[in-house]
Q: 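Supplied in structure tokens, the structure appears directly below.
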Amino acid sequence: FLDAYDCIRRGWYPAVLRSLALAARALPEPQPRELLQQLCAQVCAPSTAPSGLWEAFVTCHMCHLVLLQVQGGARPHLGQLLAVRGLFSGSLLALNRLQVDHVRALSQVLFLTPHLPAFFLRHRLRSHVLEIRHLDRALLHLGPGQLSEEELRAACYLRGLNSTHLGQAECRAWLEQWLRLSCELQASEASLLAHSMVLLSLNYSQP
């Protein structure tokens, strides 16, 4: 069942990245906008993207110029995500300012029903992401090395990674990267953490 649910979750990646790209176009500052567009392009290359994802993303004209220069299948580094963190707290990418369709797509990635009014959608999404962030801090304090293999795989799956076909070392490396990001972010940057469920998992050791 984990594979089936992950397939459903990944089916919403095109909508998330399309919405992210469109929101990036509306940002007024050119340098942060370009950083975010490069980040989107990096994870959305045609060689590894799920069916429909490349076609959805390439409709964004400004990002198309970046896509032509980016080779496929890369994963963003922690530094790249932290470089755009400010865009996800006080701009159009903050959770309370995302378009409703964008919030619905993110909700589906987190296995939350999208069939609620916009205010409740945003509130519940933020609460869910902050709960994961709270668990991350507790897990970092405990030490991810203390987790059993089953607990390790469950922790990765909760945060967006389909761990069923990965080795234990791959799961641990991914979770450690996630924890470093999560514990660096403030509560006001919860939107970046939600998007990172897609950005960090999309091209990670496809089965």
Side-chain angles (χ1 to χ4, degrees), residues 1-17 20 39-40 42-54 56-57 72-82 85 88 104-114 124-185 189-207:
F1 292 110
L2 293 179
D3 279 336
Y5 283 122
D6 186 69
C7 184
I8 295 172
R9 171 166 63 187
R10 293 175 69 86
W12 287 96
Y13 285 8
V16 170
L17 290 179
L20 185 57
L39 182 61
C40 291
Q42 182 177 342
V43 300
C44 196
S47 60
T48 57
S51 176
L53 182 54
W54 170 258
F57 188 78
R75 286 180 284 114
H77 300 292
L78 181 63
Q80 291 175 295
L81 293 172
L82 291 176
R85 62 189 294 180
F88 290 84
R104 288 198 175 104
L106 282 171
S107 295
Q108 296 275 24
V109 169
L110 276 76
F111 299 124
L112 302 173
T113 178
R124 192 190 51 175
L125 178 60
R126 184 176 186 276
S127 297
H128 195 81
V129 172
L130 291 181
E131 182 179 350
I132 292 176
R133 177 176 170 270
H134 178 74
L135 292 174
D136 290 339
R137 277 158 172 70
L139 181 54
L140 190 66
H141 179 74
L142 170 69
Q146 300 299 314
L147 298 178
S148 68
E149 181 176 353
E150 183 179 357
E151 290 170 335
L152 174 64
R153 293 184 183 279
C156 290
Y157 197 90
L158 174 67
R159 292 158 176 83
L161 180 70
N162 185 6
S163 53
T164 56
H165 300 281
L166 298 177
Q168 190 171 350
E170 291 175 301
C171 293
R172 194 172 305 280
W174 187 91
L175 182 60
E176 288 174 352
Q177 181 187 33
W178 171 276
L179 292 176
R180 288 197 301 271
L181 173 65
S182 176
C183 294
E184 183 74 22
L185 298 178
E189 298 164 328
S191 180
L192 177 55
L193 198 60
H195 285 88
S196 293
M197 293 185 69
V198 175
L199 295 172
L200 289 178
S201 67
L202 177 59
N203 296 318
Y204 193 83
S205 298
Q206 296 295 321

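Note that the coordinates shown come from a computational prediction; the quantities given were computed from them, not determined experimentally.
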Q: From Arg9 CZ over to Leu110 CG, what is the distance, rounded to the nearest 0.5 angstrom?
A: 8.0 Å
Q: Using every non-hydrogen atom in the two residues, find where Arg159 and Leu139 come nearest and quote the distance to one decimal.
A: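 Looks like NH2-CD2, 4.3 Å.
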Q: Which heavy-atom pair separates Leu78 from Gln177 by the least distance, and what is that distance?
A: N-NE2, 4.0 Å
Q: How close do Gly160 and Asp6 get, heavy atom to heavy atom, and via which atoms?
A: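 For Gly160 and Asp6, the tightest heavy-atom pair comes out as O-OD1, 4.3 Å.
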Q: When you measure from the side chain of Arg133 to the backbone N and O of Leu193, does any donor-acceptor pair fall under 3.5 Å?
A: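 A pair under 3.5 Å: no.
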Q: Nearest heavy-atom pair of Leu185 and Arg137: which atoms, and what distance?
A: O-NH2, 3.1 Å
Q: Less than 4.5 Å apart, side chain to side chain, heavy atoms only: is that true for Val198 and Leu20?
A: no
Q: Check whether any side-chain N or O of Arg10 sits under 3.5 Å from a backbone N or O of Asn162 as a donor-acceptor pair, and report yes or no.
A: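 Absent.
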Q: Please report the shortest heavy-atom distance between Tyr13 and Ser201, naming the atom on each side.
A: OH-OG, 3.0 Å
Q: Using 30° and 60° as the class boundaries, would you call the ring planes of Phe111 and Tyr157 parallel, tilted or perpendicular?
A: parallel
Q: Does some side-chain heavy atom of Arg153 sit less than 4.5 Å from a side-chain heavy atom of Leu2?
A: no
Q: Mark yes or no for whether Arg124, through its side chain, and Thr113, through its backbone, hold a donor-acceptor pair below 3.5 Å.
A: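 Yes, the answer is positive, given that a donor and an acceptor are paired below the 3.5 Å cut-off.
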Q: Do the side chains of Leu200 and Leu161 get nearer than 4.5 Å, heavy atoms only?
A: no
Q: Would Glu189 and Leu82 satisfy side chain to side chain contact (heavy atoms under 4.5 Å, CB included), going step by step from the backbone distance to the final call?
A: CA-CA 10 Å; Glu189 298 164 328; Leu82 291 176; over 6 Å; no
Q: Should Leu106 and Met197 count as side-chain neighbours, where that means a heavy-atom distance under 4.5 Å?
A: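 Not in contact.
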Q: Measuring from Glu131:CD to His134:NE2, what's the distance to the nearest 0.5 Å?
A: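 Glu131 atom CD to His134 atom NE2 measures 8.5 Å (nearest 0.5 Å).
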Q: Identify whether the distance between the nearest side-chain nitrogen and carboxylate oxygen of Arg172 and Glu176 falls below 4.0 Å.
A: no
Q: Do Ser163 and Glu170 have side-chain heavy atoms sitting under 4.5 Å apart?
A: no
Q: Between Trp178 and Ile132, is there a side-chain heavy-atom distance shorter than 4.5 Å?
A: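 SC-SC contact between Ile132 and Trp178 confirmed.
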Q: Rounded at 0.5 Å granularity, tell me how far CD in Glu151 sits from CG in Leu142.
A: 8.5 Å
Q: So, do Val16 and Gln108 sit near enough that their side-chain heavy atoms are less than 4.5 Å apart?
A: no
